[in-house]
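Since the structure comes first, as structure tokens, the remarks are kept for the end.
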Amino acid sequence: MRTPDSGAPAGADERADTLFGDPPATAEAAEALQERWAPLVRQEPLDLAGVSLVAGLDVAYSPGDDRLAAAAVVLAAPDWTVVETATAVSRPRFPYVPGLFAFREAPALLEAVAGLRAEPDVWVCDGFGLAHPRRFGLACHIGLALDRPVLGVGKTPFIGRAEPPAAARGSWSELVDGGEVVGRCLRTRDGVKPVYVSVGHRVDLASATELVLRLAPRYRLPEPVRQADRRCRERLAAA
DNA sequence: GCGACAG
DNA sequence: ATCTTGTCGC
């Protein structure tokens with residue numbers, strides 16, 4: 001068993017414990033972990049022609065009790081039909097703190113992911129990746145945990161500034177924070193409020209943008225996120 | 001110091 | 001996130 005203070009550098013098993021479960025005791029500790037992990041995020045092009053399975057992740061909270069349900073769905077190209085769904089119900093083990101979102105939702109999400117048989121080519125999270133105060137949002141957290149390509153799609157701005165994109169679907173503008181481009185503000189439907197795309201891990205902004213556009217042929221939100229949202233709510237209603 | 005603040 | 005009805009528009 002791992003000792004709390006062996007003096008060793010961030011070991012892989014030590015990372016795994018907190019990336020997958022065991023939430024840190026304090027907000028300060030959580031922030032320190034994000035700063036430690038942020039340098040491990042990689043940005044690289046994703047071959048969209050080779051993408052046949054895309055996963056979507058989302059969480060829903062119970063109105064009455066403190067339960068939460070996470071859903072992991074898998075959709076197949078080219079029409080993005082849902083081919084598999086896995087869910088998990090649990091309790092939040094970390095309070096909601098803007099910027100520390102992943103410590104609250106990632107454990108349940110990864111539990112749902114563990115129930116999946118398929119091996120998606122890329123994963124889409126409801127939230128941000130590099131567009132984060134410490135450049136380590138939920139999509140990065142999930143990306144390192146799975147060591148797979150992951151991108152984040154946010155519905156409302158969090159950090160950074162972006163000019164409103166042109167009204168046509170496909171238009172986008174840079175999301176800039178501290179002089180850095182941390183994501184894109186992307187219009188997925190003509191004249192409809194844009195979404196915010198950012199890199200989670202092992203994808204680049206251009207690939208992420210193009211993929212989100214293809215995943216959202218009809219609705220504002222990409223299909224994987226829409227479906228995941230639907231499934232976790234159903235799971236909560238069911239039991 | 002003050003306000004803002006993913007889901 | 002969640003509490004909440006109808007309503008305007010394509």
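The structure displayed is predicted, hence computed values, not measured ones. All chains are named by letter (A, B, ...) in the order of the sequence lines, taking the proteins before the strands, and each is independently numbered beginning at 1.
- Residues satisfying the side chain to side chain contact (heavy atoms under 4.5 Å, CB included) test with Arg169(A), not counting sequence neighbours, are Asp190(A), Leu213(A).
- For DNA chain B, the neighbouring residues in residues 157-164 of chain A, judged by any heavy atom under 4.0 Å, are Pro157(A), Phe158(A).
- Legend: residues meeting side chain to side chain contact (heavy atoms under 4.5 Å, CB included) with Arg161(A), ordered by chain and number and at least two apart, are absent.
- Under the side chain to side chain donor-acceptor pair (under 3.5 Å) criterion, Ser171(A) pairs with no residue, sequence neighbours left out.
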Dot-bracket notation for DNA chain B, counting Watson-Crick and G-U pairs under 3.5 Å, with | for partners on another strand:
.......
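- In this structure Pro45(A) satisfies the side chain to side chain contact (heavy atoms under 4.5 Å, CB included) test together with Asp204(A), Ser207(A), sequence neighbours excluded.
- Residues passing the side chain to side chain contact (heavy atoms under 4.5 Å, CB included) test with Thr87(A), sequence neighbours excluded: Ala71(A), Thr85(A), Arg235(A).
- First and last contacts of DNA chain C with chain A, using any nucleotide atom under 4.0 Å from a protein heavy atom and ordered 5' to 3', fall at dA1(C) to dC3(C).
- Here the side chain of Arg91(A) pairs no donor or acceptor atom with the backbone of Asp66(A) at under 3.5 angstrom.
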Fill in the dot-bracket string of DNA chain C, one character per base: . for unpaired, | for a pair to another strand, ( ) or [ ] for pairs within the strand, taking Watson-Crick or G-U pairs under 3.5 Å.
..........
Could you pull out all donor-acceptor pairs under 3.5 Å where a side-chain atom in residues 120-132 of chain A meets a protein atom, sequence neighbours excluded?
{"residue": "Asp121(A)", "atom": "OD2", "partner": "Ser52(A)", "partner atom": "N", "Å": "2.8"}
{"residue": "Asp121(A)", "atom": "OD2", "partner": "Ser52(A)", "partner atom": "OG", "Å": "3.3"}
{"residue": "Asp121(A)", "atom": "OD2", "partner": "Leu53(A)", "partner atom": "N", "Å": "2.8"}
{"residue": "Asp126(A)", "atom": "OD1", "partner": "Lys155(A)", "partner atom": "NZ", "Å": "2.9"}
{"residue": "Asp126(A)", "atom": "OD2", "partner": "Lys155(A)", "partner atom": "NZ", "Å": "3.0"}
{"residue": "His132(A)", "atom": "ND1", "partner": "Arg134(A)", "partner atom": "N", "Å": "2.9"}
{"residue": "His132(A)", "atom": "ND1", "partner": "Arg135(A)", "partner atom": "N", "Å": "3.4"}
{"residue": "His132(A)", "atom": "ND1", "partner": "Phe136(A)", "partner atom": "N", "Å": "3.2"}
{"residue": "His132(A)", "atom": "NE2", "partner": "Gly99(A)", "partner atom": "O", "Å": "2.7"}

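- For Phe103(A) and His141(A), the distance between ring centers is under 6.0 angstrom.
- Along DNA chain B, the stretch of nucleotides lying under 4.0 Å from any heavy atom of chain A spans, 5' to 3', dC5(B) to dG7(B).
- Within residues 208-223 of chain A, no residue has any heavy atom closer than 4.0 Å to DNA chain B.
- A 4.5 Å side-chain heavy-atom check between Leu68(A) and Val89(A) finds every atom pair outside the cut-off.
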